[in-house]
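Report on one structure; see the data block that follows.
Worth saying up front: this structure is predicted, and the values here are computed from it rather than measured.
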Amino acid sequence: MQRDFSQLKNRKFDVLICGGGIYGAWTAYDATLRGLKVAIVDKGDWASATSSASSKLIHGGLRYLETFDFKLVKKSLAERHMLLQSAPHRVWPLRFGVPVYKNSRIGSFRLKCGLMLYDFLAGNVPITQKHQHYSKADFIKHFPCLNPFELTSGFTYLDAQTDDARFVLELIDGACSASAVCVNYCEVSELVEKNGKISGVIVQDKLSQESIQVDAAQVVDTAGRWSPSFQNDKDGCRLTKGIHLIMPKTVTDEALLLTAKSDGRVFFIIPWYGLTLLGTTDTNYDGDVNNVPISNDDISYLLNEANQALKSANWTEQDIIGKFAGIRVLQQSSSDNPTAISRDWTLATSPNGLLSSIGGKLTSAREDAAVIVDTLCANLGIHAACPTFGKAFPWLTGTDYQSLLDTSLAQAAKLGIDKESAVWLVRRHGNRVSNILQLCADNPDLAHRIRPELPFIMADLVFCARHEMVVHLDDLLRRRLPLLILAKITAEELEVFSKTIWVVG
């Protein structure tokens, strides 16, 4: 997957997609598989905004049951089930624990009813995937990090986890491999109209500053907070902000869904790459979309709530390893409470024919993108069914996941790669992992971890730099590997990374 701005020149596309987050990626992949001539561009890197700032979850959204958003929950749970089957390297099961305290906002009976409904909406799932109830003593055995004060019992239920940035990248690579033209750091600066309808766009290469006109029969806007729809119709959409903190390891194989004592909002404590992902907040936002701040109030809120829930964390700002903020574009609502606003999705059509994606979730983006492509096909007079439901992901096509995992672990052990790092290699790269193992065979020094506490090896860094359309160092160290939020990288380490990539690559 290499960046080539010249591929946009002197060609007419069926569709040009503006925005390379999860909605743009799914739309490009689906449309290309249906035979459309597709181009997708992003003014920054793939998944460089909201789509790399999520809670890294593929979930139905248990909390949405409180707002009676049953349709969204059912849709998301169906997508979760499908992704667990068709992309086990990209989406893996993660059980959540929900503690019940004497004065919990939602008591044991209501929670039991909600989890029964959650299981019902998930459809015919094995009993091992359904919720379970535990006594106080047994729940503490599952989660010894919890503060047992006033704890009465607890539940666990199934959802799933991913690496959101790599999720997007794999779909972009799949679109590229199926003949789409994909160019990051390429900004749509102007819509070109003919007789009142869009006939193309002016794009600027952010590296060379060259501008060209790209002809396209249809244009889809999946640019999120930079969307023309949002900029021109702020009454029709609204923004909310969520932040996450990376903290020292607390949970290992299961996560926690907790309720904040100060305001009753839900937040998570999630294992991620061997550390803890703490979040998220959910607040209204009307500031600069290009510079989203993480305030002291945001940080204090999460730390205070986590410290009350955990037995001996006593986390302070000095314990924060990394942090990130994301902006959600949601449909307009009369509610002042961001948590009460639906995360459902809609497709808006402007008088000039521009299609704009508004709202939505990481989990349900595939189904929503299918609606976008259905609309594109109808407008173009093309009859082609959506091929993405249940289709193996690009980096697992023609591969049995368990066999791939077993073989890769055995090969990795012979090369001196520890098991945890090897598992993550398969999750991160699917059947391309053989290329990384070959790098280690050719140069044994690349089998070593980048940082002792993180499950990344040097060969992973080199492979990403070579083959994953990296333009800036931030692309490599924030999204291809999330090192910048999982570790406090020193200048000396950056120099070592650069030298290694230069010498090996």
Side-chain angles (χ1 to χ4, degrees), residues 1-52 164-192 198-228 290 354-357 365 369 372-373 376 394-395 464-476 478-480:
M1 184 171 64
Q2 302 296 331
R3 183 184 187 275
D4 186 359
F5 179 75
S6 68
Q7 288 188 320
L8 291 169
K9 297 179 179 179
N10 303 317
R11 295 178 63 177
K12 181 174 177 62
F13 295 94
D14 294 319
V15 57
L16 183 136
I17 300 160
C18 173
I22 188 62
Y23 275 81
W26 267 124
T27 302
Y29 184 52
D30 185 340
T32 307
L33 292 179
R34 295 201 216 185
L36 275 62
K37 297 175 183 177
V38 176
I40 179 171
V41 299
D42 192 287
K43 65 182 290 185
D45 188 28
W46 309 119
S48 58
T50 302
S51 292
S52 60
D164 48 10
R166 295 203 65 77
F167 194 123
V168 172
L169 188 72
E170 182 169 358
L171 295 175
I172 292 292
D173 188 46
C176 281
S177 298
S179 79
V181 175
C182 307
V183 186
N184 56 354
Y185 294 99
C186 180
E187 182 174 10
V188 173
S189 58
E190 183 182 345
L191 299 176
V192 177
I198 292 176
S199 60
V201 298
I202 303 297
V203 297
Q204 183 184 51
D205 184 350
K206 303 298 287 183
L207 304 187
S208 68
Q209 306 307 312
E210 179 183 5
S211 291
I212 61 171
Q213 179 171 323
V214 179
D215 295 331
Q218 298 272 283
V219 176
V220 178
D221 163 29
T222 56
R225 66 195 196 221
W226 292 286
S227 162
N290 294 303
L354 177 69
L355 298 176
S356 298
S357 172
I372 297 175
V373 184
L376 291 171
W395 297 346
C464 291
R466 280 184 180 181
H467 301 291
E468 294 189 347
M469 211 182 290
V470 169
V471 175
H472 300 297
L473 193 59
D474 186 64
D475 306 336
L476 178 62
R478 170 60 180 91
R479 286 169 292 281
R480 306 304 183 268

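- Under the side chain to side chain contact (heavy atoms under 4.5 Å, CB included) test applied with Val41, the options Val201, Val188, Val214 reduce to a single match, Val188.
- Separation of atoms CG (Leu473) and CZ (Arg480) is listed at 11.5 Å; rounding is to 0.5 Å.
- Within the 4.5 Å cutoff, the side chain of Thr222 has heavy atoms near those of the Ile17 side chain.
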**Message:** salt bridge (Lys or Arg N to Asp or Glu O under 4.0 Å) for Glu468 and Arg166? Distances and angles first, verdict last.
**Reply:** CA-CA 10 Å; Glu468 294 189 347; Arg166 295 203 65 77; 2.7 Å; yes

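- Taken from CG in Asp221 to OG in Ser357, the straight-line distance is 8.0 Å, to the nearest 0.5 Å.
- Gln218 CD to Leu354 CG: the interatomic distance, rounded to the nearest 0.5 Å, is 9.5 Å.
- Between the CZ atom of Phe5 and the CD atom of Glu210 there is a distance of 5.0 Å, given to the nearest 0.5 Å.
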**Asked** Checking side chain to side chain contact (heavy atoms under 4.5 Å, CB included) for the pair Asp14/Leu376: CA distance, chi angles, key distance, verdict?
**Response** CA-CA 9 Å; Asp14 294 319; Leu376 291 171; over 6 Å; no

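- Heavy-atom minimum distance, Cys186 versus Lys206: N-CG, 4.0 Å.
- In this structure, CG on Asn184 lies 10.5 Å from CD1 on Ile40, to the nearest 0.5 angstrom.
- Inter-residue side-chain proximity for Arg3 and Val183 is flagged as met; some heavy-atom pair is nearer than 4.5 Å.
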**Request:** Output, in order, the C-alpha distance, side-chain angles, deciding distance and verdict of side chain to side chain contact (heavy atoms under 4.5 Å, CB included) for Asp205 and Ile212.
**Result:** CA-CA 9 Å; Asp205 184 350; Ile212 61 171; over 6 Å; no

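- You'll find the side chain of Val181 reaches within 4.5 Å of the side chain of Arg11, heavy atoms only.
- The two residues Ser52 and Arg478 make their nearest non-hydrogen contact at O-NH2, 2.8 Å.
- For the atom pair CH2 (Trp395) and CG (Leu169), the distance works out to 4.5 Å, reported to the nearest 0.5 Å.
- Side-chain contact check for Ser199 versus Val192: some heavy-atom pair is nearer than 4.5 Å.
- Residues Ala465 and Val470 come closest through the heavy atom pair CA-CG2, 4.2 Å.
- Within a 6.0 Å sphere centred on CG of Asn290, heavy atoms belonging to other residues, nucleotides or ligands number more than 12.
- Looking at every heavy atom in both residues, Met469 comes nearest to Cys176 through CE-SG, 4.4 Å.
- Residues Met1 and His467 are not in side-chain contact: their nearest non-hydrogen atoms beyond the backbone lie 4.5 Å or more apart.
- Side-chain contact between Asp215 and Phe13: absent, with no pair of heavy atoms (C-beta onward) separated by less than 4.5 Å.
- Heavy-atom minimum distance, Ser51 versus Gly21: OG-CA, 3.5 Å.
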**Item:** From CA spacing to verdict: side chain to side chain contact (heavy atoms under 4.5 Å, CB included), Leu476, Cys464
**Value:** CA-CA 7 Å; Leu476 178 62; Cys464 291; 3.7 Å; yes

